[in-house]
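These notes concern the structure reproduced below.
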Amino acid sequence: RSTGKKKALLVGINYRESPSELRGCINDIMNQKQVLIEHYGFKEADIYMLHEDLVKDRWPYKAAIQEGFRWLYEGAKSGDLL
């Protein structure tokens, strides 16, 4: 059992309007978020989400994903659950 902070980065990419479009990726991270909250005690504020249904600066582009990892690792220490 973790005794430290709990933080999660969830990224859902459907590649909308592209030849490689996927379906369900955003639904998957929404479900993962609920599992983290309901079964693992995460707080909503400690889950950083990136997907194409959010405002454009939270779309899962390279820079946003890198920023998400910076947020995830910021202040991390032994015992944290990331």
Side-chain angles (χ1 to χ4, degrees):
R1 222 164 226 247
S2 172
T3 57
K5 292 188 295 187
K6 296 178 181 181
K7 290 173 82 175
L9 170 63
L10 301 178
V11 181
I13 306 172
N14 282 338
Y15 300 103
R16 289 195 178 133
E17 299 177 21
S18 82
S20 303
E21 186 168 352
L22 300 172
R23 296 174 192 219
C25 299
I26 296 171
N27 289 338
D28 290 345
I29 67 166
M30 296 297 192
N31 291 332
Q32 289 171 352
K33 176 183 172 184
Q34 286 310 116
V35 168
L36 290 172
I37 292 169
E38 294 173 12
H39 298 282
Y40 294 97
F42 279 67
K43 296 177 186 149
E44 189 161 353
D46 294 329
I47 300 172
Y48 193 97
M49 297 185 69
L50 298 171
H51 60 80
E52 297 145 314
D53 285 345
L54 295 171
V55 293
K56 196 94 170 181
D57 66 334
R58 294 293 290 267
W59 278 28
Y61 294 126
K62 179 180 177 180
I65 293 170
Q66 289 173 326
E67 176 57 33
F69 275 111
R70 279 190 285 280
W71 170 86
L72 185 67
Y73 296 140
E74 184 177 284
K77 53 188 167 215
S78 180
D80 288 351
L81 181 61
L82 306 177

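FYI, the numbering just counts along the sequence from 1. Side-chain atoms are counted along with the backbone in the values below, which use heavy atoms only and exclude waters and symmetry mates.
- Note: the hydrophobic cluster containing Phe69 also contains Leu82 (ILVMFWY, side chain heavy atoms under 4.5 Å, direct or indirect links).
- Closest approach of Gly12 to Pro60, counting heavy atoms only: O-CG, 3.7 Å.
- Salt bridge status for Arg16 with Asp53: present, with a side-chain N to carboxylate O gap under 4.0 Å.
- The number of heavy atoms from other shown groups lying within 6.0 Å of CZ (Arg70) is above 12.
- Placement of Leu72 and Ile37 in two distinct hydrophobic clusters is found when ILVMFWY residues are connected by side-chain heavy-atom separations under 4.5 Å, directly or transitively.
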> Can Gln32 and Val35 be said to form a side chain to side chain contact (heavy atoms under 4.5 Å, CB included), step by step?
Replying inline: CA-CA 5 Å; Gln32 289 171 352; Val35 168; 5.6 Å; no
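- Looking only at distances, no side-chain donor or acceptor of Asn31 sits under 3.5 Å from a matching main-chain atom of Asp28.
- Here the side chain of Lys6 pairs no donor or acceptor atom with the backbone of Leu36 at under 3.5 angstrom.
- The environment of CD in Glu44 is sparse: at most 12 heavy-atom neighbours from other residues, nucleotides or ligands sit within 6.0 Å.
- With hydrogens and angles ignored, the 3.5 Å screen pairs a side-chain donor or acceptor of Lys7 with a backbone N or O of Trp71.
- Using a 4.5 Å heavy-atom cutoff, the side chains of Ile29 and Met49 are in contact.
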>> side chain to side chain contact (heavy atoms under 4.5 Å, CB included), that's the test. Do His51 and Leu54 meet it? Break it down for me.
In response: CA-CA 6 Å; His51 60 80; Leu54 295 171; 3.4 Å; yes
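- You'll find the side chain of Cys25 stays beyond 4.5 Å of the side chain of Ile13, heavy atoms only.
- Contact annotation: the side chain of Gln34 never approaches that of Met30 to less than 4.5 Å [non-hydrogen atoms, C-beta and beyond].
- Atom CG in Asp46 sits 8.5 Å away from atom NZ in Lys5 (nearest 0.5 Å).
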>> Ile26 vs Glu52, test: side chain to side chain contact (heavy atoms under 4.5 Å, CB included). Steps then yes/no.
In response: CA-CA 8 Å; Ile26 296 171; Glu52 297 145 314; 4.0 Å; yes
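- Lys62 has its side chain out of reach of Ile65: every pair of non-hydrogen atoms, C-beta onward, lies at least 4.5 Å apart.
- Linking Ile, Leu, Val, Met, Phe, Trp and Tyr whenever their side-chain heavy atoms come within less than 4.5 Å leaves Tyr73 and Leu10 in two separate clusters.
- Atom CD of Glu17 has 12 or fewer neighbouring heavy atoms from other residues, nucleotides or ligands inside a 6.0 Å radius.
- Cation-pi geometry between Arg58 and Tyr48 is satisfied (NZ or CZ under 6.0 Å from the ring centre, within 45° of the ring normal).
- Rounded to the nearest 0.5 angstrom, Tyr40 OH and Leu81 CG are separated by 9.5 Å.
- In this structure, CG on Leu50 lies 6.0 Å from CG on Leu9, to the nearest 0.5 angstrom.
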